[in-house]
Amino acid sequence: VIDATGMPQTAVLIGGTSEIGLAVLSELASRRLEKVVLIGRDLQRLRAAASELRTAGVPQVEVAELDFESPDLEGLSASVARSLGGIDLVVMALGDLGTADLDELTPARVTEMMTVNVTVPAAALMAFANVLRAQGYGRLVVLSSVAGVRVRRANFAYGGGKAGLDGFALGLGDALVGTGVGLMIVRPGFVRTRMTAGLPEAPFTVDAEAVAEGVRKGLETGAAVVFVPAVLRYVFVLLRLLPRAIWRRIPA
Amino acid sequence: MADLESAVAEAVAAGRPVLARGLGRSYGDAAQSAGGVVVETTSCAETIAWDARTGLLRAEAGLSLDSLLRWSIPQGWFVPVTPGTRHVTLGGALAADVHGKNHHRDGAFAEAVESFTLLTSGGRRTVERDRDKAAFWATAGGMGLTGVVLDLTVRLLRIETSSMVVETERAHDLDVCMAAMTDRDEEYRYSVAWVDCLARGGSLGRSVLTRGDHACLGDVEPRDRHRAGRGSGGRADPLRFSPRQIASVPFTPFVSPLTALTVAAFNEAWYRRAPRVRRRTIETISGFFHPLDGVGDWNRLYGPRGFTQYQFVVPFGAEGVVRAVIESLSRERCPAFLAVLKRFGPADEAPLSFPAQGWTLAVDLPLTMPGLGQLLDGFDERVVEAGGRVYLAKDGRLRPAAFKAMYPRLEEWRSVRDSLDPDGLFVSDLGRRLGLVAGQRVVPGSPS
């Protein structure tokens with residue numbers, strides 16, 4: 001049950017080995033989180049993440065495998081709901097930075113990236129949104145990115161996917177108004193994680209913990225869209241207005 | 001009442017959990033059940049039997065104190081226990097075992113209840129105070145989780161007038177206030193203190209004490225008609241009762257006007273308004289007991305996110321906890337206006353009833369306050385340490401572990417509850433959040 005301060009007792013993390021996703025759950029574990037299911041592709045890494053979360057103070061953590069080739073999302077969401085006894089929070093943290101190198105981006109690679117960044121996330125959001133609707137309550141948190149706010153040449157394949165997911169989630173959030181189910185979009189800037197290791201840091205770079213704190217505060221205040229750090233909301237108002245000729249020349 | 005029974009039967013057939021809801025004045029999730037069936041009882045508000053000799057009233061559970069008092073006061077009868085609003089139902093008052101300003105004298109609401117009819121999954125059951133003790137006390141304070149109360153028999157209180165004799169005085173800090181209450185509370189049927197939680201330093205916890213009793217005919221002079229306002233009638237019509245709203249909040253503002261600054265200004269004015277030395281006045285029942293009922297939809301002032309109330313009780317001797325809480329509210333500049341401090345008398349027999357002998361403090365806090373969750377968790381720890389507890393009817397955020405530490409008779413309650421409701425039909429969000437009931441939740445595709 002989600003309490004008056006917006007804190008969940010049960011949660012499912014899709015992209016169960018995501019550093020940001022796990023940081024979010026650790027942050028919520030310091031409040032009310034009791035039961036978690038981690039969903040992902042790699043069972044072994046999921047188990048490692050699960051034991052990490054138990055150390056962070058979540059008493060019950062389970063893992064579930066998701067096959068991206070032929071995902072049975074309806075079956076998965078129903079079984080997660082059963083094992084949690086009701087889902088308070090869904091965190092969507094799937095994502096693959098991939099590449100923006102024109103020579104490396106084969107059609108197959110683009111398909112793969114879009115699968116991880118948009119197709120599966122959107123379908124999974126839909127499946128879990130339906131479970132939450134049937135429950136009559138629940139909260140969806142979608143980890144988007146400022147990369148999707150205005151797509152840059154430096155990571156256009158990733159950013160394009162995030163833009164698609166972000167738009168889908170915005171519309172889904174509006175469609176869910178009145179059902180008892182809420183949706184929050186989180187748009188971090190550059191976050192120091194495994195995914196971005198070795199890349200040059202952009203201005204306003206933050207840690208996964210900062211994103212987690214942003215998510216907790218967003219849940220507490222009932223925000224619909226959260227930027228981390230918060231100042232990026234205003235930075236991107238300006239960046240969206242830049243002429244394309246200039247935008248194109250922004251490095252990295 | 002047939003409606004209630006058929007609604008429950010329908011829910012059972014559909015495999016959904018059920019919860020009765022009265023006027024929804026619980027501040028947390030006590031009267032909510034996501035995915036379940038919530039039956040509103042307010043359409044079941046008939047009076048079934050009335051004995052003017054004994055003052056025993058049997059009425060349906062959806063009857064509000066407001067309707068009841070509008071009918072009973074002109075005939076010279078009052079409810080023995082009223083919370084700070086008349087907009088609660090009899091059923092809700094029993095489920096939360098509500099208290100009033102007279103708890104130190106008269107106990108909680110269940111004290112005035114003789115019997116009730118409880119609808120359980122097994123059908124109707126008449127629960128008499130002396131014959132069916134376990135069911136009686138599990139339902140009193142049981143937050144609606146033992147079944148649906150269909151009707152209750154309540155013993156009313158004889159009054160001569162609809163006026164109150166009230167003594168008002170200021171206390172310039174918390175110690176003075178607590179000392180004044182400890183010394184002379186027993187002389188008054190009703191007693192409460194409004195605390196300014198924003199005052200600092202030497203004024204920390206400065207308060208306005210109001211204490212009094214129902215006025216006798218001799219207390220009410222014709223001139224009091226003017227002083228007491230239009231709600232009561234002075235000597236010409238001593239039992240006149242016509243409370244009205246003086247204002248209402250027409251819409252929910254995007255941003256709450258209740259900030260530390262505005263609330264501090266209000267509290268300052270409220271404190272200054274009170275007489276420096278004790279003053280005796282005649283007031284109306286609504287003005288004394290239900291001042292907030294005079295402002296319609298006042299809760300909207302808290303903005304879209306709303307507010308929560310933190311109410312706890314700690315035993316006498318643990319005054320330090322009350323002080324520490326007020327200190328930290330003041331230090332954090334919490335926009336808490338008019339916190340309420342009271343002394344409780346001994347607890348009743350209900351395992352989950354809130355009132356217990358000691359000090360109780362209730363504070364409204366806006367949910368937009370940053371760090372509110374952690375702050376209240378900190379308060380919980382101190383309350384648990386002192387052997388106190390938090391009021392479930394006000395709660396929306398307690399940790400299950402803290403709740404269990406505060407209510408050590410939980411298992412006793414649970415075993416009665418399980419025998420009354422073996423299928424776990426009656427479920428609320430509060431019950432699931434705190435682990436009062438097993439978490440039956442409606443999950444698509446699962447056999448239920």
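Below, chain A is the first sequence line, B the second, and so on; all start at residue 1. Everything numeric here is computed off the predicted structure, so don't read it as measured data.
At least one test fails for A/R150 against the ring of A/F236: distance under 6.0 Å to the centre or angle within 45° of the axis.
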- [ ] Show your working on side-chain contact (heavy atoms from CB on, under 4.5 Å) between B/F312 and B/V325 and close with a plain yes or no.
- [x] CA-CA 10 Å; B/F312 66 93; B/V325 167; 4.0 Å; yes
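No part of B/P304 comes within reach of chain A, as not one of its non-hydrogen atoms sits under 4.5 angstrom from that chain. Only the backbone of A/S30 comes within contact range of chain B, judged by heavy atoms closer than 4.5 Å. Of the atoms belonging to B/L398, it is backbone heavy atoms, and not side-chain ones, that fall under 4.5 Å from chain A. Contacts between B/R305 and chain A at a heavy-atom distance below 4.5 Å involve the side chain alone, from C-beta outward. A/E34 touches chain B through its side chain: at least one heavy atom from C-beta onward sits under 4.5 Å away, while N, CA, C and O do not.
Between the side chains of B/S415 and B/D418, no donor-acceptor pair is found at a separation under 3.5 Å. In summary, the side chains of A/D88 and A/Y137 do present a donor paired with an acceptor at a separation below 3.5 Å, with no hydrogens or angles considered.
Most heavy-atom pairs under 4.5 Å with chain A: of the set B/D29, B/D429, B/D377, B/L372, this distinction falls to B/D377. When A/E220, A/R31, A/R216, A/M7 are compared by the number of non-hydrogen pairs under 4.5 Å with chain B, A/R31 comes out ahead.
A/S144 pairs with exactly one of A/I185, A/V226, A/V225 by the side-chain contact (heavy atoms from CB on, under 4.5 Å) rule, that one being A/I185.
Aromatic pair B/Y310/B/F379: centroids less than 6.0 angstrom apart.
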